[in-house]
Structure formats: structure tokens, C-alpha cells
Amino acid sequence: MTVARKINALHFGILLFLLACFFILPAYHVGALSRIMVLAIYAIGLNILFGYTGLLSLGHAMFFAAGMYGLGLSIKFLGVSVIPAFGIGIISAALLSLLVGLLALRTVGVSFMIVTLMFAQTIYLVVLYFGEYTRGDEGFVLQQAERMLLGFDVTTEAGRYFVAFAAFSICLIGFAALVQSSLGKRLVAIRENEERARMLGYDVWRYKLLAVIVSGTVSGVAGALYALLFGYVGATFASVQYSILPLLWVLLGGAGTTIGPLIGVAFMFYLIDASSAYTSAYMLIAGLALVILTMFAPRGIAGILRTKVSPWLP
Amino acid sequence: MAALTLLETKGLTKTYGGLQANIDIDFTLQKGLVTALIGPNGAGKSTFVGMLSGRTSATRGRVIFEDRDISHLPAHKRIQLGLAYTFQITSIFTGLSVHENVALAAGRTMSADGNALNAKVHQTLDQVGIADRADQIAGDLSYGHQRLLEIAMGLAQEPKLFILDEPTQGLAETEINDFIALIRSLAGHTTILLIEHNMRVVMETADHIAVLDQGMMLAEGTPAQISANASVQAAYLGKTVDA
Ligand SMILES: Nc1ncnc2c1ncn2[C@@H]1O[C@H](COP(=O)(O)OP(=O)(O)OP(=O)(O)O)[C@@H](O)[C@H]1O
Ligand SMILES: [Mg+2]
């Protein structure tokens with residue numbers, strides 16, 4: 001098998017497995033997987049910027065929130081249906097990432113991290129400030145009737161799962177195509193050696209801006225999808241916690257790999273899930289596992305697979 | 001017959017704080033020739049070519065490439081006009097394969113067509129003699145091979161002007177011989193500006209030599225003229241040739 005075939009087989013295999021899970025697994029895990037797939041889209045978004053382009057953003061929650069509030073507020077206050085609301089969510093995230101990219105990319109390294117963090121904090125405060133509409137920390141619920149997707153009920157277990165699955169499939173396949181395209185390779189080149197990339201004639205700044213926009217927009221898709229499928233919009237999702245979480249998922253699963261985001265989200269979910277059965281200090285156990293993994297496998301789970309088993313992993 | 005000028009500098013100057021690294025350099029580069037830029041350590045050679053490629057910003061002065069003032073163009077735009085640059089300190093994508101390194105260099109101008117690109121990469125690696133290492137991770141190559149890879153990355157861009165900053169530094173004797181043959185094979189179609197400390201390489205490849213000393217152009221001429229030049233010998237050549 002050629003490498004390209006192996007890569008396709010891997011991705012389609014994962015999607016087939018996820019599809020089968022719906023029929024095999026008990027309801028609890030089906031519900032969990034819906035959430036995992038949506039959050040994995042978020043992790044994919046961050047991975048494009050952090051894992052492939054080498055830019056560490058500490059403020060991705062703002063893009064997730066832009067998608068979430070773009071959809072939620074337009075359903076609630078404009079009375080639009082799900083599809084246009086989804087469009088508004090995506091456009092909000094795209095515009096925000098364009099703006100943040102234009103401003104934050106004037107800085108590099110640690111300053112970039114801090115600037116993205118500050119922007120995200122600003123967005124969080126804006127959400128709280130307009131509490132009259134956003135209901136702040138308390139958030140607001142989207143009713144079942146408001147969440148009909150072309151007559152399809154996404155509030156059932158099956159509806160939720162298949163919408164999450166369809167969206168995740170599109171994102172995974174698109175993401176895999178991106179990283180194997182010449183654009184994706186140029187982003188990796190910038191990550192590996194920015195000066196060399198520039199001195200090969202690549203407009204590094206433009207590629208970085210593109211990466212911020214794609215990354216932010218994909219994160220916004222995840223936010224909008226989350227609001228749609230779980231019917232809740234709240235300021236927690238704009239908080240710094242939701243900027244750090246995707247970073248942990250990506251690091252755990254393997255930064256700069258296509259399958260890392262899904263693995264990272266699933267691993268962390270079940271880690272917390274399993275440890276909370278034994279102790280109320282489950283975050284401590286989760287944290288410990290994280291520390292151990294970062295010490296012994298700094299490239300994450302997919303990173304280990306890449307070095308030990310299959311070097312062709314994209 | 002007047003030779004054609006590919007690149008010209010006028011009053012090119014660089015100061016680092018109080019240090020004058022390049023002082024009012026007026027220089028012309030003839031198309032199709034191999035020009036060697038020599039001079040003692042710290043003379044300002046890397047600074048000079050850095051200002052040509054746009055990597056280093058000039059304090060003052062102009063750079064004219066193919067009759068066009070490129071002084072205000074950023075580096076990547078100058079590269080897009082047909083300059084290629086290899087660093088004095090090897091700069092490659094150490095985490096990527098050798099093939100991928102060259103593909104990135106060739107891929108800017110070539111369409112994404114996989115087959116044509118692969119053929120180009122293979123041919124270029126063959127030209128510098130490391131085609132058998134295409135699948136290795138660049139960072140795993142020996143130092144000499146990494147330098148050859150960087151040269152391949154320059155060649156793959158099919159530049160009009162190829163600037164090499166001490167390419168033979170750290171190469172073994174046989175690799176240096178191959179390098180000399182490679183430069184000769186490019187003579188005629190690619191204009192080359194070569195910074196070089198190894199006088200054998202200079203004498204065997206250069207059509208024209210420029211000598212930089214303490215930030216100023218000390219002398220220019222054919223290899224024979226430069227060898228005979230007393231001030232050059234005083235500044236630089238004597239020591240190295242005897243050594
Ligand atoms: N970024 C910098 N900041 C301050 N001084 C610099 C910088 N780069 C170079 N210099 C100084 O400018 C002068 C010229 O340096 P340059 O690297 O151009 O010399 P060179 O001729 O290439 O030397 P070598 O043969 O050692 O490579 C030196 O005195 C150097 O210390
Ligand atoms: Mg130098």
C-alpha cells in the first residue's frame with residue numbers, strides 16, 4: 001500500500017469504527033462519543049495552528065465562543081432557523097479570527113500567547129458585560145423546537161450522534177486533506193524553520209494569518225455545533241479553561257497529527273470518567289496522568305505511534 | 001562587448017549600533033558569471049549578501065536587480081524574483097525528510113503536480129550527489145550532507161542569482177571537488193555569488209573576485225589580478241594562500 005492509501009484507510013477506518021460504536025455501545029457511551037466528536041473538532045481547530053503551524057494560542061475559547069454565541073444568540077434574538085444561525089456562528093468565528101490574526105501576528109512567541117490570551121479574556125468579559133442578552137455565567141438553553149435541523153430532531157440520542165458524526169467526518173477528512181496539501185506542508189515548514197521558509201520565498205506572515213483564520217473558524221464550527229447539539233450556551237465556554245483544555249487534548253493525543261485530537265479528547269474524557277468513579281479528587285488523578293504522559297511521551301499518544309509503529313502517520 | 005548587469009548596489013551601508021559592517025558599497029554583478037566574494041573574518045561579507053537577499057535590512061543605499069529597485073522589497077518577494085540564498089550556518093528543515101526539504105524549495109514555483117515535482121526533487125538531489133538519501137530525515141544527515149542538501153534547496157528553485165555563503169565550510173575534500181564541478185556545471189546559465197574562504201575553490205570556480213575588508217570594497221578583478229594585488233595580499237590573501 002502506498003502511504004496515501006494507508007492514510008486514507010486509517011481515517012476511513014476510524015470513521016467506520018465511530019459509526020459502528022453507535023450500534024454496539026450502550027447509550028451512555030454513545031452520548032459520551034457525541035460530545036467527544038464535537039470537542040475533537042475543536043481540538044482539530046487548535047491543532048492546525050499549534051500542531052502544524054507552530055503558533056501557540058492560549059485564547060482559542062474566544063473562537064469556540066464566537067461560534068457558540070453566533071448560533072445561540074441569533075436563534076434566540078433573531079428567531080432564525082438552525083442553518084442560517086449556524087452560518088452566522090461560523091462567520092462570527094471567521095471574522096474574529098481574521099481580526100485577532102491581523103493584530104496578534106504582529107507579535108511572536110510568548111507575546112503571541114499573551115496577546116491571544118488577552119483577546120480571549122476580553123471576549124469573555126464582553127459576554128459577561130452583555131449579561132442581559134447572554135445571561136452570563138448562568139447561560140441560556142436552546143429549546144428543542146429551536147433546534148430542528150431541516151425537520152430533523154437533533155435532540156434525540158441518535159440525532160445528536162449522527163449530526164456530530166457527520167460534522168466530525170467532514171472535519172477529519174478536510175483536515176487530513178489540508179495537512180497533505182502543499183498548503184499544509186508549507187505550514188509545517190514554517191513551524192520547523194520560519195527563517196528558511198521565508199528565504200525560500202514564502203510569505204510567512206500570510207500563511208500564518210491563513211492558519212489563524214482556518215483554525216479559528218474550525219473552532220467556531222465546534223462551538224456552534226456544541227450549542228446546537230447540547231442546547232446550552234454559557235460563558236464557561238468562553239473562559240480560559242476552554243482555551244487550555246483543547247491544548248491538553250492536542251498535547252495528549254499528539255500535536256501535529258491528524259488522529260491526535262480525537263485520541264486526546266477521548267483519552268481525557270475516559271480518564272476523568274474512570275477516576276471519578278473512585279474518588280472525588282478525580283481532577284488530581286487526571287492531572288497526574290497528564291504530567292506522567294508529558295514526561296514520558298512529550299509527543300502524545302499518536303506521536304508514540306508515529307515513532308514506534310507507523311512513521312507515515314500524517 | 002559590454003557584459004550585462006544582473007544586480008547592482010549603490011551606497012549600500014549597514015551599521016550595527018556604532019559598528020560599520022558595510023560602508024557605501026557600490027558593486028555590480030555580471031550576469032552568467034561566478035563571482036567570489038572574499039575577505040577576512042568579520043569583513044562584512046554575510047552582512048552584504050544579507051542585504052541583497054533582504055534578510056538583513058540596509059541602513060542606507062539601494063539594491064537594483066534586473067534594472068528594478070528592490071531595496072524596499074521584503075526577503076520573500078526578492079526570492080520570488082529569482083534570488084536564492086544558502087545560509088552560512090546551515091538552515092534546513094531538520095525534522096522533515098530530505099525529499100520534503102527539496103520539494104518545499106522547488107514547490108513554490110512548480111504546480112502541485114506530484115510527478116513533476118518528484119522528478120525535479122530527484123534530479124536536484126542527484127546533482128549534489130545525495131539522491132540515495134532522499135527518504136532520510138534531514139536532521140540525521142552528516143554535517144557535510146546537510147550542507148549539500150541546502151545547496152540542493154537553492155538549485156531546486158532554479159534561481160537567476162544563487163548566493164552561497166561559505167558553502168564548502170565543513171565539507172570533506174572529495175565533497176569540495178564535487179562542489180567545484182557542480183558550480184562549473186552551472187556557470188553560464190546561473191549567476192553565482194559565492195562567499196568562500198577556501199582559496200582553491202575560489203581560484204577554480206570564480207570568473208571574477210571581489211574583496212571586502214572592514215566593510216569596504218578593497219579590490220575587484222580577475223583571479224589573476226587579485227592574486228597579484230599587493231593590498232589584497234596584505235589584508236587577506238597572503239596568509240591563506242601560504243597556509
Ligand atoms: N546582528 C548583528 N549585530 C551586531 N553586529 C553584527 C551582527 N551581524 C554581524 N555583525 C558584525 O558585523 C561585522 C561583519 O559581520 P559579517 O558576518 O558580515 O562578516 P563576514 O565577513 O561574513 O565574516 P565571516 O567570514 O566570519 O563569516 C562583524 O564585526 C560582526 O560582528
Ligand atoms: Mg559570514
Side-chain angles (χ1 to χ4, degrees), chain A residues 2-8 50-55 105-106 108 176-211 254-257 260 298-300 302-303 306-308 310-314, chain B residues 49-50 52-56 73-97 99-114 117 135-140 146 149-150 152-160 162-163 165:
Chain A
T2 66
V3 167
R5 285 242 177 92
K6 277 191 208 168
I7 292 171
N8 284 337
F50 171 60
Y52 285 88
T53 319
L55 287 170
L105 286 174
R106 292 163 174 268
V108 290
L178 171 74
V179 306
Q180 288 170 270
S181 71
S182 53
L183 171 61
K185 288 177 174 163
R186 287 164 190 188
L187 296 183
V188 170
I190 290 170
R191 177 193 76 193
E192 289 287 311
N193 186 342
E194 183 174 329
E195 174 83 339
R196 179 73 270 181
R198 178 178 298 113
M199 296 310 285
L200 288 179
Y202 292 114
D203 187 345
V204 168
W205 187 85
R206 225 193 58 198
Y207 282 104
K208 283 182 174 176
L209 181 62
L210 199 60
T257 64
R299 283 156 194 226
R306 188 188 266 164
T307 28
K308 299 256 150 73
S310 40
W312 49 267
L313 274 185
Chain B
V49 296
L52 302 187
S53 67
R55 195 182 157 227
T56 309
L73 291 186
H76 65 90
K77 291 235 169 84
R78 299 190 196 192
I79 305 292
Q80 287 169 11
L81 290 177
L83 273 75
Y85 182 88
T86 69
F87 291 76
Q88 178 167 4
I89 297 164
T90 314
S91 180
I92 55 175
F93 303 111
T94 48
L96 306 182
S97 75
H99 180 99
E100 198 55 58
N101 269 270
V102 181
L104 277 162
R108 178 173 53 77
T109 47
M110 295 182 72
S111 71
D113 171 18
L117 187 60
D135 294 327
Q136 282 187 21
I137 296 298
D140 295 343
Q146 291 191 6
L149 171 59
E150 194 172 355
M153 290 165 77
L155 290 176
Q157 299 172 66
E158 299 183 356
K160 292 174 187 159
F162 193 6
I163 299 171
D165 197 346

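The sequence lines fix the lettering, A, B, ..., with proteins before strands; numbering per chain opens at 1. For the numbers below, each heavy atom of this structure counts, side chains included, while hydrogens, waters and symmetry mates do not.
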Relative to chain B, which segment of A/Val188 carries a heavy atom at a distance below 4.5 Å: side chain, backbone, both, or neither? side chain
Minimum side-chain heavy-atom gap A/Met199-B/Ser91 below 4.5 Å: no
Which atoms of B/Ile92 approach chain A - backbone, side chain, both or neither, heavy atom under 4.5 Å: backbone
Most heavy-atom pairs under 4.5 angstrom with chain A, which of B/Glu150, B/Glu100, B/Lys77? B/Glu100
The side-chain contact (heavy atoms from CB on, under 4.5 Å) partners of B/Gln80 (sequence neighbours excluded) come to B/His76, B/Arg108
Nearest heavy-atom neighbours spanning A/Arg186 and B/Gly107: NH2-O, 2.9 Å
Among B/Arg55, B/Gln157, B/Arg78, which residue has the highest count of heavy-atom pairs closer than 4.5 Å to chain A? B/Arg55
side-chain contact (heavy atoms from CB on, under 4.5 Å) partners for B/Ala152, two or more places apart: B/Val102, B/Thr124, B/Leu125, B/Val128
Examine whether an atom of B/Ala105 lies under 4.5 Å from a heavy atom of chain A, and if so say whether it belongs to the side chain, the backbone or both; otherwise answer neither. both
Which residue out of A/Glu192, A/Arg196, A/Arg198 racks up the most heavy-atom pairs below 4.5 Å with chain B? A/Arg196
Of all heavy-atom pairs linking B/Leu104 and A/Ala189, the shortest is CD1-CB, 3.6 Å
Any idea which heavy atoms bring B/Ile79 and A/Leu200 closest together, and the distance? CG2-C, 3.5 Å
For B/Glu158, is the CD atom crowded, meaning more than 12 foreign heavy atoms sit under 6.0 Å from it? no
Whether the side chain of A/Asn193 engages the backbone of B/Phe93 through a donor-acceptor N/O pair (distance < 3.5 Å, no angle test) should be reported. no
One should read off an interatomic distance between A/Glu195 CD and B/Ile89 CD1, to the nearest 0.5 angstrom, of 11.0 Å
